[in-house]
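Inspection log for the structure reproduced underneath, given as structure tokens.
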Protein chains: 2
Amino acid sequence: MKEITDPTADGKVPTHVVTYRRLRDMILFGQLAPGQSVTIQGLTSLLNAGMTPVREAIRRLTAEGALEFLGNRRVVVPQLTQSQLDELAHARLSIEPKLAKIAAQYIDDDDIIILKERDLEIDQAIATGDIHRYLLNNYQFHFTLYERAGAPILLSLARMLWLRSGPSLRVVCGRFGTANLPDRHSDTLAALRARDGDQAAAAIAADIEQGIEQVRQSLVVDSI
Amino acid sequence: MKEITDPTADGKVPTHVVTYRRLRDMILFGQLAPGQSVTIQGLTSLLNAGMTPVREAIRRLTAEGALEFLGNRRVVVPQLTQSQLDELAHARLSIEPKLAKIAAQYIDDDDIIILKERDLEIDQAIATGDIHRYLLNNYQFHFTLYERAGAPILLSLARMLWLRSGPSLRVVCGRFGTANLPDRHSDTLAALRARDGDQAAAAIAADIEQGIEQVRQSLVVDSI
DNA sequence: CTTCAGCGTCTTTGATCATATCCTGAGCAA
DNA sequence: TTGCTCAGGATATGATCAAAGACGCTGAAG
């Protein structure tokens, strides 16, 4: 008989994995700002976890580039520079359109329905100015698509790249609002319905370029 | 006054970093075979480290794809499948030629001398059949070049991709020997001397394609 | 009598925590 | 300005708990 009365029960997921996911989501969906410092003991009390799981989560995120090790024993959320943004753009444009192209081969009608729902959520989030909801559904849109490609290595690379751009995206949205976040996903959906891999790749590439451009604008503003 | 009598002194490098590097090098240069399982307690006694540093090193390496988490709590060195090899090829061909191209802009004559020395080491290693020496110098050749690009994000991606292909490379060398490992680095060096980024990128791309092809052959043999 | 399947224990290993030690940087005084 | 001291936080260890695979035992069937 399984204990179901305790809602804090892990089920079967170990604490260090739960801790990793929560910290990752905090980075991905804008709880943590670029430049903000992260302390182990702060996380232990915030996430109600022991020291060891928090340490392991931080190590993992550091390896993925979502956090940065400051030589002395400080850990911060990294701030992107112009040139790093260029690197990100190149890497994302190399990986994600490829994933979209492969995924277009394997995707079925149910998947497209799910993606369509995500897209609607995104539209509503933009309309209501709900940044967190926008970021969450945008992430889900891209990665439910990418997961269909069945390409674990490229997928993990894409995840890493999103982790690096997450905090900056949040800053952009916070600064300019959700109003001028146009929705390039309808192109993607059209391509997927036609099972046109190349066109899906092109739509995703356009989406990425636009997102990067937004962040770039924001960086220019910062550097003044 | 610094203590220099004790060669085991960390200097300033913390244990978990030392442990990470040693484990990483074991994976990269063929101490660990694909499919081999890795235990925490085995590492603690092998590396004379405590539990926490070993755990953190393993977490980091799993995040980088160098180790794989087996659901139940086993950790193993991953075995590449055909399709994962295709993913690796795409990713490496997207990242590393770009790094070479950028690096060609910034490289100076001293760097080229260093690379030339690495190349000589590689030739000797091939001649004497010294697999470990070959792998080590081949890695150094590529990454002393890549480091010159000053592109930390692309560099870390390249490091990850090498970590994934390391164990398989070792198997290939162990099976076919070093004899038919041709040396494509002279093309690279020529391009660098001419400061020709595009040609350097092409040379690196050819090098990668050849390496991947070797592994692919090996996988075909395995699948029979 | 032998063999094999099922089952329970047992050892090995992983996960977590509490604690001790050490490092870093800031504040203070000379 | 320079050196010292101290507090806060990171690092590292070992103990403890839980789980998963390994091993051997029993019992029945051939």
Side-chain angles (χ1 to χ4, degrees), chain A residues 1-24 26-27 32 35-64 66-78, chain B residues 1-6 8-24 26-27 32-33 35-64 66-78:
Chain A
M1 187 64 170
K2 218 45 176 152
E3 182 66 54
I4 54 171
T5 54
D6 182 5
T8 67
D10 280 347
K12 258 170 33 184
V13 186
T15 309
H16 70 265
V17 176
V18 176
T19 307
Y20 164 76
R21 289 194 190 141
R22 291 184 60 185
L23 188 50
R24 181 198 59 186
M26 284 175 65
I27 294 168
L32 262 39
Q36 187 168 341
S37 82
V38 173
T39 69
I40 293 179
Q41 312 198 351
L43 270 320
T44 56
S45 53
L46 179 63
L47 301 178
N48 281 76
M51 222 167 198
T52 312
V54 170
R55 283 179 68 83
E56 294 186 18
I58 289 179
R59 290 286 174 263
R60 240 179 110 174
L61 266 335
T62 308
E64 289 167 345
L67 294 175
E68 192 180 3
F69 219 53
L70 232 43
N72 46 7
R73 323 149 142 205
R74 297 277 142 87
V75 174
V76 299
V77 182
Chain B
M1 186 64 172
K2 221 42 187 180
E3 182 65 54
I4 54 171
T5 53
D6 182 5
T8 67
D10 279 347
K12 261 170 30 186
V13 187
T15 308
H16 70 266
V17 175
V18 176
T19 307
Y20 163 77
R21 289 194 189 141
R22 291 184 60 184
L23 187 51
R24 180 198 60 184
M26 285 175 66
I27 294 169
L32 262 40
Q36 187 169 341
S37 82
V38 172
T39 69
I40 292 179
Q41 312 200 353
L43 270 320
T44 56
S45 53
L46 179 64
L47 301 178
N48 281 75
M51 223 169 194
T52 312
V54 170
R55 286 179 67 83
E56 294 186 17
I58 289 179
R59 291 286 172 263
R60 240 179 110 172
L61 266 336
T62 44
E64 290 167 343
L67 294 175
E68 193 179 2
F69 219 54
L70 231 43
N72 46 8
R73 332 145 134 202
R74 291 276 141 92
V75 174
V76 300
V77 182

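Keep in mind the model is a prediction, meaning the values are calculated, not measured. Just so it is clear: chains get the letters A, B, ... in the order the sequence lines come, proteins before strands, and each one is counted from 1.
For the residue pair A/Arg59 and B/His16, a side-chain donor N or O sits within less than 3.5 Å of a side-chain acceptor on the partner.
Between the P atom of D/dG21 and the CG atom of B/Leu70 lies a distance of 10 Å, rounded to the nearest Å. Regarding A/His16, its NE2 atom lies at a distance of 14 Å from the C1' atom of D/dA18, rounded to whole Å. Atom P of nucleotide C/dA18 and atom CE of B/Met51 are separated by 17 Å, given to the nearest angstrom. The distance between atom CZ of A/Arg73 and atom C1' of C/dG25, rounded to the nearest whole Å, is 11 Å. What separates CG of B/Asn48 from C1' of D/dA12 is a distance of 15 Å, to the nearest Å. One atom, CG of A/Leu43, and another, P of C/dC17, lie 14 Å apart when rounded to the nearest Å. A straight line from CD1 of A/Ile40 to P of C/dC22 spans 18 Å, rounded to a whole angstrom. As a whole-Å value, the separation of A/Arg74 CZ from D/dT11 P is 11 Å.
Comparing C/dT13, C/dA15, D/dA12 against the side chain of B/Pro14 picks out D/dA12 as the nearest. The A/Asn72 side chain lies nearest to C/dT24 when the options are D/dA12, C/dT24, C/dT16.
Distance check: B/Arg60 CZ to A/Arg60 CZ gives 13.5 Å after rounding to the nearest 0.5 Å.
With B/Gln36 contributing its side chain and B/Ala33 its backbone, the two residues share a donor-acceptor pair below 3.5 Å.
A pairwise comparison of heavy atoms in B/Glu68 and B/Thr62 identifies N-CG2, 4.2 Å as the closest pair.
Taking only side-chain nitrogens and oxygens, B/Arg55 never comes nearer than 4.0 Å to OP1 or OP2 of C/dC17. Considering only side-chain N and O atoms, B/Thr39 lies nowhere under 4.0 angstrom from the phosphate OP1 or OP2 of C/dT13.
For C/dG14, the base has a donor-acceptor partner in the side chain of B/Gln41 [N/O atoms by modelled type, under 3.5 angstrom].
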